[in-house]
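Quick note: residue numbers are just sequence positions, from 1. In listed order, ligands and their atoms are each counted from 1.
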Amino acid sequence: MEKYLEYWDELFSKPTTELKFSNNFELLIAVLLSAQCTDKRVNAVTENLFKKYKTPQDFSKLSQQELEKEIYSCGFYRKKSKSIINISREIIDKHDGKVPNTIEKLKSLNGIGQKTASVIFSIGFGGDAIAVDTHVLRVSKRLGFSNAENVKKCEEDLKKLIDKSLWSKTNSQMVLFGRYYCKARSPKCETCKLKEICKYKLEQN
Ligand code: SF4
């Protein structure tokens with residue numbers, strides 16, 4: 001793994017999410033909105049949204065239609081609005097108004113799955129986690145880290161390969177690497193320093 005990690009350290013020395021937020025509740029909302037949507041679009045929406053609504057209490061009082069109008073451009077706005085309002089209520093009723101701080105408790109919130117919980121746990125609470133998104137799945141496959149077609153198995157494979165203390169950092173680097181270098185279409189193989197050891201590239205040659 002050393003060569004991969006060194007290269008990613010070179011490309012992204014301090015990797016983090018590109019989502020903008022100022023507390024863990026805002027992070028949770030931003031992550032929910034980012035499903036099937038770009039971080040850039042989410043940031044444009046939350047810039048205004050978080051000025052108007054800041055707490056789980058604020059969001060819990062919104063009607064679904066009110067929230068739909070605010071987040072419309074993020075796509076899947078009906079499902080996302082419903083989920084944000086329900087989760088806000090659950091956080092108030094079951095977690096004293098605070099975002100829960102373990103993956104299991106996060107997953108107990110309606111509509112939050114393994115990936116979302118892992119992102120919040122890792123970025124919001126500094127925990128060790130791997131959240132497999134489309135970029136991580138693709139990069140893992142191309143580099144031969146995992147042949148898994150599903151995110152759960154890929155997460156398990158990566159956890160065996162990467163030292164636990166590096167899970168979160170490497171995860172963020174893989175997301176950025178997949179987003180900007182090892183893109184789905186036209187990956188930047190010619191300038192990639194991993195091309196000599198990349199399964200995908202070697203199979204092409
Ligand atoms: S050589 Fe190409 S496919 Fe392989 S990791 Fe680099 S960019 Fe991705």
Side-chain angles (χ1 to χ4, degrees), residues 1-21 27-28 30-46 73-76 103 106 112-205:
M1 283 304 289
E2 226 166 274
K3 278 192 179 165
Y4 306 97
L5 301 181
E6 268 177 26
Y7 184 42
W8 290 333
D9 276 346
E10 191 183 312
L11 293 176
F12 316 105
S13 56
K14 285 186 183 152
T16 187
T17 176
E18 292 180 323
L19 292 171
K20 292 191 180 145
F21 61 95
L27 170 65
L28 187 151
V31 175
L32 287 171
L33 290 176
S34 71
Q36 312 286 319
C37 181
T38 64
D39 288 357
K40 202 173 165 193
R41 164 64 54 195
V42 172
N43 289 337
V45 167
T46 54
S73 62
C74 288
F76 298 97
I103 290 182
L106 283 161
I112 292 205
Q114 178 72 19
K115 190 192 91 177
T116 305
S118 296
V119 171
I120 297 163
F121 178 65
S122 161
I123 296 171
F125 295 100
D128 299 317
I130 291 185
V132 178
D133 69 356
T134 176
H135 300 299
V136 175
L137 192 67
R138 180 177 66 257
V139 170
S140 298
K141 206 168 188 179
R142 283 180 175 171
L143 289 174
F145 295 169
S146 173
N147 279 326
E149 297 294 342
N150 69 76
V151 295
K152 194 170 185 300
K153 176 74 173 65
C154 182
E155 181 186 328
E156 285 166 13
D157 291 341
L158 290 175
K159 282 182 171 173
K160 284 180 204 149
L161 279 176
I162 302 164
D163 189 88
K164 191 175 179 184
S165 65
L166 295 173
W167 283 356
S168 296
K169 179 182 165 192
T170 307
N171 191 186
S172 298
Q173 290 173 324
M174 288 177 78
V175 171
L176 295 170
F177 184 62
R179 188 175 290 167
Y180 297 111
Y181 293 83
C182 192
K183 302 190 216 180
R185 286 181 209 163
S186 54
K188 297 179 175 176
C189 299
E190 289 320 307
T191 54
C192 178
K193 288 193 182 173
L194 302 178
K195 66 183 172 195
E196 313 292 340
I197 51 173
C198 169
K199 186 170 166 258
Y200 174 88
K201 186 69 186 155
L202 292 172
E203 279 171 2
Q204 275 192 335
N205 292 339

Would Lys188 pass as a cation-pi partner of Tyr181, given that its NZ or CZ must be under 6.0 Å from the six-membered ring centre and within 45 degrees of the axis? yes
I'd like to know: is atom 4 (Fe) of ligand 1 within the 2.8 Å range of an N/O/S atom from Cys192, strictly under that distance? no
Are Glu10 and Lys193 within salt-bridge range, i.e. N to O under 4.0 Å? yes
Could you list which atoms of ligand 1 come closer than 4.0 Å to a heavy atom of Lys195? 1 (S)
Taking 2.8 Å as the cut-off, does Cys182 contribute an N, O or S atom near atom 6 (Fe) of ligand 1, distance below it? no
Look at Glu156 together with Lys160 and state whether they make a salt bridge at an N to O cut-off of under 4.0 Å. no
Pairwise side-chain contact, Phe177 with Leu194, heavy-atom cut-off 4.5 Å (strictly under): yes
Using heavy atoms and a threshold below 4.0 Å, how should the contact between Tyr4 and ligand 1 be classified: side chain, backbone, both, or neither? neither
By number and element, which atoms of ligand 1 are closer than 4.0 Å to a non-hydrogen atom of Phe177? 5 (S)
Could you tell me the residue and atom name of the protein heavy atom closest to atom 4 (Fe) of ligand 1, and the distance to it rounded to 0.1 Å? Cys198 SG, 2.3 Å
Among non-hydrogen protein atoms, atom 3 (S) of ligand 1 lies closest to Tyr200 CD2, 3.3 Å
Within a distance under 4.0 Å of any heavy atom of Leu143, pick out the atoms of ligand 1 and give their elements. 5 (S)
Of Lys201, Arg138, Lys195, Arg142, which is the lone residue that meets side chain to side chain contact (heavy atoms under 4.5 Å, CB included) with Pro187? Arg142
Which residue in the set Val136, Asp9, Leu11, Val139 passes side chain to side chain contact (heavy atoms under 4.5 Å, CB included) when paired with Gln173? Asp9
Contact atoms of ligand 1, heavy-atom distance to Arg142 under 4.0 Å: 3 (S)
Does the shortest distance from atom 2 (Fe) of ligand 1 to an N/O/S atom of Cys189 fall below 2.8 Å? yes
Any donor-acceptor N or O pair under 3.5 Å, side chains Ser146, Ser140: no
